[in-house]
Protein chains: 2
Amino acid sequence: MARPSAALRGRILDSSRHLFSERGYEATSLQEIASDVGCSKAALLYHFRNKDALLAELLTPVGQRVVELLEKVAPLDGEELVRTTVADLVDSALEYRLEIRLLFEDLPRLSHRPELNLLPDSTDRLFDCLTGRSRDPRARVAASMVLTGVALTASAPDNAPVGGEGSDADLRQGLVEASLRALGRDV
Amino acid sequence: MARPSAALRGRILDSSRHLFSERGYEATSLQEIASDVGCSKAALLYHFRNKDALLAELLTPVGQRVVELLEKVAPLDGEELVRTTVADLVDSALEYRLEIRLLFEDLPRLSHRPELNLLPDSTDRLFDCLTGRSRDPRARVAASMVLTGVALTASAPDNAPVGGEGSDADLRQGLVEASLRALGRDV
DNA sequence: CCGTAACCTGACCGATCGGTCAGTTCTGAC
DNA sequence: GTCAGAACTGACCGATCGGTCAGGTTACGG
């Protein structure tokens with residue numbers, strides 16, 4: 001390793017990802033993160049300019065994931081568009097559980113942040129994909145329900161809906177099937 | 001009016017309901033609420049023992065609403081159980097938009113609060129009603145998706161999915177239909 | 001073996017938080 | 001008119017927040 005304890009940076013990211021998603025961004029202090037990691041608050045602020053920078057670094061990957069998803073399904077349409085979007089959306093939600101919890105909990109307070117400016121636009125384009133590019137209000141309501149329902153269910157703290165012993169495979173398939181039904185597609 | 005400016009108490013509740021739901025509980029200070037209402041912070045704390053009491057008074061009605069919903073549908077079963085639960089759930093979500101936003105945003109930080117202890121239990125019983133009392137893991141995942149999706153879509157800041165000009169009637173009917181489809185019921 | 005830069009610490013800062021308190025103003029009953 | 005109590009204020013409190021800084025420690029290239 002180049003610098004042995006440069007790994008501290010990664011440990012800070014891991015800890016803040018968990019603490020932020022469990023307690024929320026505002027409710028988590030830098031001191032709590034530092035104590036959890038086992039370093040001083042000053043060390044934390046040595047690796048990250050400020051608290052905002054820490055949050056931004058956590059949220060950037062999930063934002064990129066959505067952008068990639070949109071690029072991937074852009075050339076598709078009809079059934080294939082909807083089915084691919086749903087499947088990829090569920091995968092993304094399961095992949096970034098903690099970040100999504102953080103995002104949803106603190107969305108109103110973070111929506112003014114510049115790096116999240118493209119989020120409303122991304123959401124709108126996700127609606128398009130989920131409806132098969134329909135502008136029908138009812139279809140868009142269904143798309144909104146699917147998007148928020150998938151995100152929050154996939155990121156539930158303890159897999160509450162399934163009860164704990166349910167595997168991710170159950171969760172994934174259940175979400176995909178329910179989403180497709182909600183969107184009026186055969187499963 | 002018995003005491004004219006006792007109306008201040010109601011204005012404080014209204015203001016905090018909006019501010020809490022827009023910025024979150026932790027991120028809203030008592031001073032902000034007081035300034036918004038136009039009184040001193042001390043006046044606010046005269047009407048409410050502390051910040052927690054203010055929050056509790058905001059969340060209690062929506063909790064009662066859920067309890068009433070559960071009592072109402074308790075004797076039902078089959079199709080009628082599911083359809084009634086969905087319809088009442090959507091109505092409740094539309095009725096308590098701000099409180100639900102607040103509840104979802106700050107749920108992880110509020111879950112330890114005693115007056116919310118019955119929330120996990122209520123959630124579980126809502127799952128039962130939405131699945132028609134099925135314990136099938138897939139059905140429960142669908143129920144979770146419906147519950148969270150309905151709540152968050154109904155309480156979206158600006159009726160985002162419909163675009164703003166859509167009426168509540170559109171939103172209501174769209175949510176009911178999408179929910180029933182997701183739960184595998186004919187609309 | 002030395003110097004430099006990365007890494008980290010403890011002490012400290014101003015601001016703001018939720019909450020308290022002594023005292024003042026207002027109001028309605030008598 | 002008077003008086004009790006509700007309604008309200010401004011000043012203040014300790015705690016904690018995010019963030020800074022001077023200086024110490026460590027590791028590695030030359």
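Numbered from 1 within each chain, the chains take letters A, B, ... in sequence-line order. Computation of the quantities below employed the complete heavy-atom set of this structure, encompassing side-chain atoms and omitting hydrogens, waters and symmetry-equivalent molecules.
- Judged by the 6.0 Å distance and 45° axis criteria, B:K41 is not positioned over the aromatic ring of B:Y46.
- To the nearest angstrom, C1' of D:dG19 lies 14 Å from CG of A:L54.
- Atom CZ of B:F48 is separated from atom C1' of C:dG18 by 16 Å (rounded to the nearest Å).
- Protein atom CD of A:E32 is 6 Å distant from nucleotide atom P of D:dC17, rounded to whole Å.
- Taking a pair as Watson-Crick or G-U with both hydrogen-bonding distances under 3.5 Å, the stems of three or more pairs touching DNA chain C are C:1-30 with D:1-30.
- Within 4.0 Å (heavy atoms only), A:L30 reaches sugar-phosphate atoms of the nucleic acid but no base atom.
- Straight-line distance from the CD atom of B:E26 to the P atom of C:dG18: 9 Å, rounded to whole Å.
- Every residue was checked against the side chain to side chain donor-acceptor pair (under 3.5 Å) condition with A:D77, not counting sequence neighbours, and none meets it.
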Next on the checklist: If you apply the rule salt bridge (charged side-chain N to carboxylate O under 4.0 Å, His left out), what do you find for B:D128 with B:R140, and how did you get there?
Outcome noted: CA-CA 8 Å; B:D128 280 341; B:R140 293 186 78 77; 3.0 Å; yes
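- Looking at the side chain of B:A42, the nearest of the listed nucleotides C:dG18, D:dG18, D:dT9 is D:dT9.
- B:Y96 and B:D91 share no side-chain donor-acceptor pair at under 3.5 Å.
- Surrounding CD of A:E79 are more than 12 heavy atoms belonging to other residues, nucleotides or ligands, all under 6.0 Å away.
- Distance from the side chain of A:S40 is smallest for C:dT9 among the nucleotides C:dT9, C:dC8, C:dG19.
- Rounded to whole Å, the distance from NZ on B:K41 to P on D:dT9 is 13 Å.
- Minimum atom distance to the side chain of B:L45 is reached by C:dG19, of the listed C:dG19, D:dC8, D:dG19.
- Residues A:T60 and A:Q64 bring no donor and acceptor atom of their side chains to less than 3.5 Å of each other.
- Not a single donor-acceptor contact under 3.5 angstrom links the side-chain atoms of A:K51 to the base of D:dG19.
- Picking from C:dG19, D:dA6, C:dC8 the nucleotide with the shortest atom distance to the side chain of B:Y46 gives D:dA6.
- The side chain of B:L8 lies closest to D:dC8 when the candidates are C:dC8, D:dC8, D:dG19.
- Between A:R9 atom CZ and C:dA6 atom C1' the separation is 14 Å, expressed in whole Å.
- Distance, A:R49 CZ to D:dG18 P: 16 Å, rounded to whole Å.
- When the side-chain nitrogen and oxygen atoms of B:H47 are compared with OP1 and OP2 of D:dC8, one or more of them lie within a distance under 4.0 Å.
- Distance B:I12 CD1 to D:dT9 C1': 13 Å, rounded to the nearest Å.
- Side-chain contact, B:T28 with B:R23: no donor N or O sits under 3.5 Å from an acceptor N or O.
- B:S29 has a side-chain polar atom (N or O) that falls below the 4.0 Å cut-off from OP1 or OP2 of C:dC17.
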